Every structure is written in C-alpha cells, then in structure tokens.
Student: 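Submitted below is the structure of interest, expressed as structure tokens.
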Amino acid sequence: MKAQKSIIAVAGLTLIILFAVGNYLFKVDQKKKLGFLAHKNFQTFVRDYSPTLGPDDAKVVLVEFLDPECESCRAFYPFVKKIMADHPNKIKLVVRYMPFHGNSKMVIRILEAARKQGKYWETLETLFYYQPKWGSHHHPRPELIWEVLPEVGLNIEQLKSEMTNPSFDKIIEQDFADGKTLQVRATPTFFINGKALEQFGYQQLEDAIKKAIAE
C-alpha cells in the first residue's frame with residue numbers, strides 16, 4: 001500500500017514538474033514569436049494611438065520619432081517607404097512625434113485631424129512634398145499649408161474644427177515625454193525592434209533593418 005502511494009505521489013509530482021516546464025517553454029516560445037512586442041518597455045516605443053503602416057505581425061517594428069517641419073525627416077521618408085516596399089510585410093512603421101520646430105505642433109494637429117478623415121499618410125506625404133514652401137527655416141509660411149491640403153481630398157472646414165481637439169495636445173506631450181525617456185535629441189531618430197540606430201544614415205538604416213529581418 002505504501003509503495004502504491006509512493007508511486008502515485010511520484011507520478012503526481014512528475015506531472016506538476018512537466019506542467020511547469022511546459023508552461024515555461026511555452027512562455028519562452030511566445031516571447032520569441034512576439035519578439036519586440038514582448039519588450040518590457042514596449043509602450044515607451046509604441047503607444048496605442050500611434051499611427052502605423054504595415055502588418056501587426058511584421059518581423060521588424062521600425063519606430064521613427066519625426067518632426068513634420070524637419071528637413072531630414074522629409075529626406076528620409078521616401079527612403080523608408082522604399083525599404084518597406086523592398087521587404088513587403090516584413091516591416092511595421094510606427095510614427096512618434098518630436099516637435100522641435102516652431103510650427104510643428106500645429107502641423108501635427110493637422111495630421112491627427114486628417115487621420116480622423118482616413119487621410120493621414122496622404123497628408124503627411126503632401127506636407128513633406130511642399131515643406132520647402134511652408135516650412136522654410138529662413139522664412140516659414142505655415143499659412144501656405146491651407147493652399148495645398150485640398151489636393152489630399154480633405155474636408156478643410158471639418159479639419160480646422162477638429163484640429164483643436166485637446167486630445168491631440170496629449171498625444172504630442174506623451175510622445176515628447178517618451179522621446180526624452182529614450183534620449184531622442186534630433187529628428188528623425190529610428191529604433192529597430194527597440195534598438196536605437198547606432199549610426200545615422202540611409203545605408204546604416206537599411207543595413208540595420210536587413211539584419212533584424214535576417215535574425
């Protein structure tokens with residue numbers, strides 16, 4: 001009888017150990033599958049409200065802190081789009097705001113109001129295209145923005161009304177706070193799966209993304 005009880009006890013203990021080990025391995029496997037999504041500071045990089053482009057299950061999460069009035073951000077944008085096109089469904093772009101220039105906050109409010117109309121990316125590309133006119137650092141003329149926005153197909157009156165939404169200010173404040181936490185000091189600043197781009201440049205960005213895809 002004692003022997004039988006011992007066998008039952010050992011079997012029960014074995015099952016508990018197997019369950020614990022299996023549970024541990026499952027969590028490890030899930031972390032591998034989630035990759036950057038399992039990062040403990042994930043929300044510092046990606047907020048629920050952040051504009052994104054690309055599939056949620058992409059292997060690479062490319063977080064870009066940008067300023068719509070920044071000349072370098074304008075220069076990098078088509079290059080980022082090309083990298084994404086060269087690696088379809090492998091990259092998810094996440095936009096965060098770092099408003100360093102004088103008219104940046106106003107332009108961000110325009111972008112967020114355009115997102116309400118489902119025209120975020122078209123508006124961003126149009127603003128970048130005409131940036132030398134409205135965002136010249138020597139002679140900025142933000143009023144010219146209203147002349148080019150109709151090209152996007154926006155309801156301008158609706159946009160002007162919605163861009164005063166106080167929730168947009170909260171987005172700007174949170175992004176700026178997260179940027180400071182991540183030591184973002186210039187735009188654009190890129191993070192590939194939570195890792196800062198070590199050397200700034202077109203080729204360095206492409207190489208870092210290719211490496212992350214390969215891993």
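These numbers were taken from a predicted model, which means no experiment stands behind them. All residue numbers refer to positions in the sequence shown, counting from 1.
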Student: Hey, what do you get for CZ (Phe190) to CG (Leu93), rounding to the nearest 0.5 Å?
Tutor: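 Here the interatomic distance stands at 8.0 Å.
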Student: Grab the two heavy atoms, one from Cys73 and one from Asp67, that are nearest each other, plus how far apart they are.
Tutor: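 So the minimum-distance heavy-atom pair works out to SG-N, 3.4 Å.
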Student: What are the two closest non-hydrogen atoms of Asn193 and Ala212, and how far apart are they?
Tutor: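 Looks like ND2-CB, 4.2 Å.
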Student: Is there a salt bridge (charged side-chain N to carboxylate O under 4.0 Å, His left out) between Arg109 and Glu112 once you walk through the steps?
Tutor: CA-CA 5 Å; Arg109 292 188 194 99; Glu112 288 299 315; over 6 Å; no
Student: State, yes or no, whether a side-chain contact exists between Ile145 and Glu143 at a heavy-atom distance under 4.5 Å.
Tutor: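 Answer no - side chains too far apart.
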Student: Taking all heavy atoms of Met84 and all of Leu53, pick out the closest pair and write down the distance.
Tutor: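 Distance-wise, the nearest heavy atoms are CE-O, 3.3 Å.
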Student: When rounded to the nearest 0.5 angstrom, what is the spacing between CG in Leu111 and NZ in Lys116?
Tutor: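 One finds 14.0 Å between CG of Leu111 and NZ of Lys116.
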Student: Around atom NZ of Lys90, are there more than 12 heavy atoms from other residues, nucleotides or ligands closer than 6.0 Å?
Tutor: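 Counting other residues, nucleotides and ligands, NZ of Lys90 stays at 12 neighbours or fewer.
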Student: Is there a side-chain contact between Ile192 and Leu205 in this structure, where contact means two heavy atoms from C-beta onward sitting under 4.5 Å apart?
Tutor: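 Side-chain contact under 4.5 Å: yes.
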Student: What distance separates Leu66 CG from Leu124 CG, expressed to the nearest 0.5 Å?
Tutor: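 Going from CG on Leu66 over to CG on Leu124, the span is 6.5 Å.
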Student: Could you go through Gln43 and Asp48, starting from their C-alpha distance and side-chain angles, then the distance that decides it, and tell me whether this counts as side chain to side chain contact (heavy atoms under 4.5 Å, CB included)?
Tutor: CA-CA 8 Å; Gln43 278 223 322; Asp48 291 341; 3.8 Å; yes
Student: How far does CE of Met163 sit from CZ of Phe168, to the nearest 0.5 angstrom?
Tutor: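 Those atoms lie 9.0 Å apart.
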Student: Would you say the rings of Phe200 and Phe76 are close, in the sense that their centroids are separated by under 6.0 Å?
Tutor: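 So the answer is yes for these two rings.
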Student: Between Ser50 and Val95, what is the shortest heavy-atom contact and its length?
Tutor: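 Heavy atoms of Ser50 and Val95 come nearest at CB-O, 3.9 Å.
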Student: Test the Lys81-Trp121 pair against the cation-pi criterion, namely NZ or CZ under 6.0 angstrom from the six-membered ring centroid and within 45° of the ring axis.
Tutor: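 No, cation not above the ring by the 6.0 Å, 45° rule.
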Student: Is it the case that the side chain of Gln204 and the backbone of Leu197 share a donor-acceptor pair, with hydrogens and angles ignored and the cut-off at 3.5 Å?
Tutor: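 Answer holds: no.
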Student: Using only heavy-atom distances, determine whether the side chains of Tyr130 and Glu147 contain a donor-acceptor pair under 3.5 Å.
Tutor: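 There is no such pair (donor and acceptor under 3.5 Å, judged by atom type) between the side chains of Tyr130 and Glu147.
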Student: State whether the side chain of Glu69 and the backbone N or O of Asn103 hold a donor-acceptor pair below 3.5 Å, judged by distance alone.
Tutor: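 Indeed, once roles are kept as given, a pair shorter than 3.5 Å links the two residues.
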Student: Test your reading of the model: is there a side-chain donor-acceptor pair from Arg74 to the backbone of Phe128, 3.5 Å cut-off?
Tutor: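 Pair found, side chain donor or acceptor close to backbone of Phe128.
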Student: Test side chain to side chain contact (heavy atoms under 4.5 Å, CB included) on Glu215 and Ile213 and set out the steps.
Tutor: CA-CA 5 Å; Glu215 289 175 350; Ile213 291 173; over 6 Å; no
Student: Measure the spacing between CE of Met106 and CD1 of Ile172 and express it to the nearest 0.5 Å.
Tutor: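 Here the rounded value is 11.0 Å.
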Student: Walk me through whether Arg141 and Ser136 qualify under side chain to side chain contact (heavy atoms under 4.5 Å, CB included).
Tutor: CA-CA 7 Å; Arg141 298 182 62 193; Ser136 168; over 6 Å; no
Student: If you measure from CG on Asn155 to CG on Leu149, what distance do you get to the nearest 0.5 Å?
Tutor: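 The CG atom of Asn155 sits 11.5 Å away from the CG atom of Leu149.
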Student: Ignoring hydrogens and geometry beyond distance, is a side-chain donor-acceptor pair present between Asp178 and Thr44 at under 3.5 Å?
Tutor: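 Checked: Asp178/Thr44 side chains show no N/O donor-acceptor pair below 3.5 Å.
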Student: Between Leu127 and Trp134, does the side chain to side chain contact (heavy atoms under 4.5 Å, CB included) criterion hold? Intermediate values first, please.
Tutor: CA-CA 9 Å; Leu127 289 171; Trp134 65 262; 4.2 Å; yes
Student: Please report the C-alpha distance between Asp207 and Lys211 in whole Å, then the side-chain angles of each, then the deciding distance to 0.1 Å, and finally whether the salt bridge (charged side-chain N to carboxylate O under 4.0 Å, His left out) criterion is met.
Tutor: CA-CA 6 Å; Asp207 290 346; Lys211 182 180 177 182; over 6 Å; no
Student: Is the closest side-chain donor-acceptor distance between Tyr97 and Glu173 under 3.5 Å?
Tutor: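 Note: Tyr97 and Glu173 side chains miss the donor-acceptor criterion.
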Student: Answer whether the closest heavy-atom distance between the side chains of Val60 and Lys92 falls below 4.5 Å.
Tutor: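 With C-beta onward as the side chain, the pair stays apart.
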Student: Salt bridge check: are Lys210 and Glu206 linked by an N-O gap of less than 4.0 Å?
Tutor: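 Yes.
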Student: Do Val94 and Leu62 have side chains that get closer than 4.5 Å, going by heavy atoms?
Tutor: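 No - every pair of side-chain heavy atoms lies 4.5 Å or more apart.
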Student: Flag the pair Glu122 / Lys119 as yes when at least one side-chain heavy-atom distance between them is below 4.5 Å, and no otherwise.
Tutor: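 Yes, at least one pair of side-chain atoms sits under 4.5 Å.
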Student: Indicate yes or no for a side-chain donor-acceptor contact from Ser161 to the backbone of Gln158 under 3.5 Å, with no hydrogens or angles considered.
Tutor: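 No, because the side chain of Ser161 does not come within donor-acceptor range (under 3.5 Å) of the backbone of Gln158.
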Student: With a cut-off of 6.0 Å (strictly less than), are more than 12 heavy atoms of other residues, nucleotides or ligands near NZ of Lys59?
Tutor: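 Result for NZ/Lys59: enclosed.
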Student: What is the minimum heavy-atom distance between Gln174 and Arg96, and which atoms define it?
Tutor: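 Nearest pair, atom of Gln174 first, then Arg96: O-NH2, 4.1 Å.
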Student: Do Trp146 and Ile110 come close enough that some side-chain heavy atom pair is under 4.5 Å?
Tutor: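 Yes, at least one pair of side-chain atoms sits under 4.5 Å.
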Student: Over all heavy atoms of both residues, which pair between Gln131 and Pro68 is shortest? Give the atoms and the distance, please.
Tutor: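 Looks like NE2-O, 2.9 Å.
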Student: Should Pro99 and Ile108 count as side-chain neighbours, where that means a heavy-atom distance under 4.5 Å?
Tutor: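 Side-chain contact under 4.5 Å: yes.
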Student: Distance alone, cut at 3.5 Å: any donor-acceptor contact between the side chains of Tyr49 and Asp175?
Tutor: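 Yes.
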Student: How about Arg185: does its CZ atom have over 12 heavy atoms from other parts shown lying under 6.0 Å from it?
Tutor: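 For Arg185, atom CZ is not crowded (no more than 12 foreign heavy atoms under 6.0 Å).
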Student: How are the rings of Phe65 and Phe191 set relative to one another: parallel (under 30°), tilted (30 to 60°) or perpendicular (over 60°)?
Tutor: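 Rings of Phe65 and Phe191: perpendicular, as their planes differ by over 60°.
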Student: Tell me, do Thr189 and Glu64 make a side-chain contact under 4.5 Å, heavy atoms counted?
Tutor: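 Heavy-atom side-chain distance check fails, nothing below 4.5 Å.
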